[in-house]
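A short write-up of the structure that comes next.
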Amino acid sequence: MALVVASVLAAGALAPAASARPAPVSPSPPPSSYDRAIPPLTDDRGRTLTLRGWNVEDKANRGEDALSAITERHFRDLRANGFNFARLLVFWDDLEPRRGQYSARYLHKIERILDWARKHRVHVLIDAHQDVFGPAFGHRGIPEWATRTDGLPFTPNPDDWFSEYFQPAVQRAFTHLYEDPDLQRAQAAMWQVLADRFGRHPAVIGYDLINEPMGELREGEDLPTAARRIEAEHLTPMYNRLARAVRTRDRDTWIFVEPTPIVGEGVPTGLGRIKDNRTVYAPHFYNTAMEAGADYDPDAGWIEAYEAAVTAYPARHRMPVVVGEWGPLNNALPNMGRFYREAVASLNRYSSGWAGYVWCYGGGYCAVDERGRFRANKEQTATPYAPAVAGTVRSDTYDAGTRTYRLAYRAAARPGVTELSLPPASRGWRVTVTGPAHVLDASSRGAWPVVLARPGGEVVVTVREAGPYGRTDHP
């Protein structure tokens, strides 16, 4: 195993390097080849949803202090900047510190966070998060009582924590989680507790069954081959088991499933069919070189390779896409402005939304500084969009150069409300509508502007940043 891992890293499949490039894949298809095949996310009124937001987390505190770093300010500021989505990290080791004993205190803290989200009209995805499996290896996630290593070695690597996934003990722990019947039952029971408690909470839009799942490499396997096998043989049956368990408690909430994080290198997933008609494909969007501190290389073709790889599976299985994590660590490097423009444009072509990593107040990956101001280039994530469209979307585009958003849709046969999100802008925004519709400014009631359209009508909504002498319709 050590030789296999060493060869994987030596080949550059995971080793951070400025020259790392995506695995060869077919050229990115034109949007028209998959945009009709990938269905949109919808709400209970049949409206087309767009989720844009950030991950919200507290990895530092546990036990009685768990989740204490998350405050109402997170959700108030998300909403104030035009975001409507938060991926909330929760940890199985905090929920069930001893087998069969679930923490009422932890469940209450999750509920308090969900109440804040509801107050500020933010959809929440509950994410069962793990990093390097869990606390048995110095991280968070699967409890120690559910960690089985068969005595295989583990050597921490604090300078490259992701490489710890390739330690023999960690890989074997994943195999036991996937294959041992008692651990399968425990994981399903954990999700039933969450679904039973929060399935009817109005803020909850979905359940992310496990964060960035990994597995055990076999002798002679390269990393892409191992990833596809793990996805096919372990993740697919696990997701179907957990989906069945959740549906015994909650029939309607969306279920989000992830491939391995190897998809970030442009490797198509090996996931099979998930037998649930309310399932969302939720890959992450990270690049090895950029995670190691390198600048964005526009000529490497990474975004194009990722888009080609990530769209085939949901198009084939008719699943919406929501990207659960993305965003580089060093966002102030010379090419990062271009990266954010091209990344946001790509994500918006095929997905129903995304959550950047991470909404916090400070340095590192934080979206904003201590005063709540966007850090370099991350302001490009805050643009006008339509969180909910009562009809069939014909086109949905944003031109960063002219600061213009354009939405064209055919209104549904039944009356409905289309919502617009307008982030703060120094000159405000001008909203115009053509077709049998009109816009209402609901900002005085704490809501975003809405469009009311005649059923079945063709509607075009245009949002432009107001000029220095232009009238500002929506401050």
Side-chain angles (χ1 to χ4, degrees), residues 31 34-35 37-56 74-75 78-79 81-89 117 120-127 202-209 211 253-259 263-264 278-286 303 306-307 310-311 313-315 318-327 340-359 367 378 380-393 395-398 405 407 409 418-423 448:
Y34 57 73
D35 62 358
I38 298 177
L41 194 70
T42 55
D43 65 9
D44 56 6
R45 288 178 276 177
R47 297 186 301 171
T48 297
L49 297 182
T50 296
L51 305 178
R52 294 195 185 168
W54 294 80
N55 284 258
V56 174
H74 286 72
F75 299 93
L78 282 170
R79 181 74 181 191
N81 283 282
F83 300 109
N84 69 336
F85 182 44
R87 181 173 178 260
L88 173 64
L89 278 59
H120 296 286
R121 301 181 181 89
V122 173
H123 297 291
V124 174
L125 172 62
I126 296 177
D127 162 44
V204 175
I205 195 168
Y207 309 121
D208 192 335
L209 297 180
N211 175 71
T253 301
W254 290 96
I255 288 175
F256 288 57
V257 297
E258 299 186 29
V263 71
R278 291 183 66 79
T279 304
V280 178
Y281 184 50
H284 291 182
F285 180 39
Y286 289 122
I303 290 179
Y306 177 88
E307 185 171 329
V310 84
T311 51
Y313 174 78
R318 300 288 297 162
M319 296 167 62
V321 177
V322 173
V323 172
E325 288 188 26
W326 74 283
Y340 274 92
R341 289 192 301 274
E342 295 182 357
V344 169
S346 174
L347 291 168
N348 294 347
R349 276 195 291 272
Y350 60 85
S351 79
S352 287
W354 40 258
Y357 188 83
V358 56
W359 193 268
K378 297 195 176 188
Q380 294 191 54
T381 63
T383 67
Y385 66 102
V389 177
T392 302
V393 176
S395 65
D396 186 306
T397 59
Y398 176 70
Y405 171 70
L407 167 70
Y409 70 99
T418 292
E419 300 176 12
L420 302 176
S421 167
L422 307 180
W448 288 322

What heavy-atom pair brings [X] and [Y] nearest, and what distance separates the two atoms?
X: A367; Y: W359; answer: CB-CE3, 3.7 Å
X: P259; Y: Y281; answer: CG-OH, 3.4 Å
X: V322; Y: L41; answer: CG2-CD2, 4.4 Å
X: Y405; Y: P384; answer: CD1-O, 3.6 Å
X: A117; Y: A203; answer: CB-CB, 4.1 Å
X: I38; Y: M319; answer: CG2-O, 3.4 Å

Can you see whether Y350 engages E307 through a side-chain donor-acceptor pair at a distance of less than 3.5 angstrom?
no
Quick one: pull up [atom1] in [X] and [atom2] in [Y] and give me the separation to the nearest 0.5 Å.
X: N84; Y: F75; atom1: CG; atom2: CZ; result: 12.5 Å
X: N211; Y: D127; atom1: CG; atom2: CG; result: 5.0 Å
X: W54; Y: L78; atom1: CH2; atom2: CG; result: 9.5 Å
X: F85; Y: N55; atom1: CZ; atom2: CG; result: 8.0 Å
X: T311; Y: R349; atom1: OG1; atom2: CZ; result: 10.0 Å
X: L125; Y: L89; atom1: CG; atom2: CG; result: 9.5 Å

Non-neighbouring partners of R47 that pass salt bridge (Lys or Arg N to Asp or Glu O under 4.0 Å), sequence neighbours left out:
D43, E419
Apply side-chain contact (heavy atoms from CB on, under 4.5 Å) to L88 and H74, showing your working.
CA-CA 11 Å; L88 173 64; H74 286 72; over 6 Å; no
Please verify the inter-ring angle class for Y340 with W326; under 30° counts as parallel, over 60° as perpendicular, anything in between as tilted.
tilted
Give the ring-plane orientation class for F285 versus Y306, where under 30° counts as parallel, over 60° as perpendicular and anything between as tilted.
tilted
Any donor-acceptor pair under 3.5 Å from [X] side chain to [Y] backbone:
X: T50; Y: G353; result: no
X: R318; Y: A37; result: yes
X: S421; Y: G82; result: yes
X: W254; Y: T42; result: yes

Under the side chain to side chain donor-acceptor pair (under 3.5 Å) test against Y409, which residue among T48, D396, T392, T418 passes?
T418
Using the side-chain contact (heavy atoms from CB on, under 4.5 Å) rule, take V310 and V321 through it: C-alpha gap first, then chi angles, then the decisive distance, then the call.
CA-CA 9 Å; V310 84; V321 177; 5.5 Å; no
Any P39 side-chain heavy atom under 4.5 Å of P320 side chain:
yes
Step by step, would you call V263 with E258 a side-chain contact (heavy atoms from CB on, under 4.5 Å)?
CA-CA 10 Å; V263 71; E258 299 186 29; over 6 Å; no
Does R79 make a cation-pi contact with W448, if we ask for NZ or CZ under 6.0 Å from the ring centre and within 45° of the axis?
yes
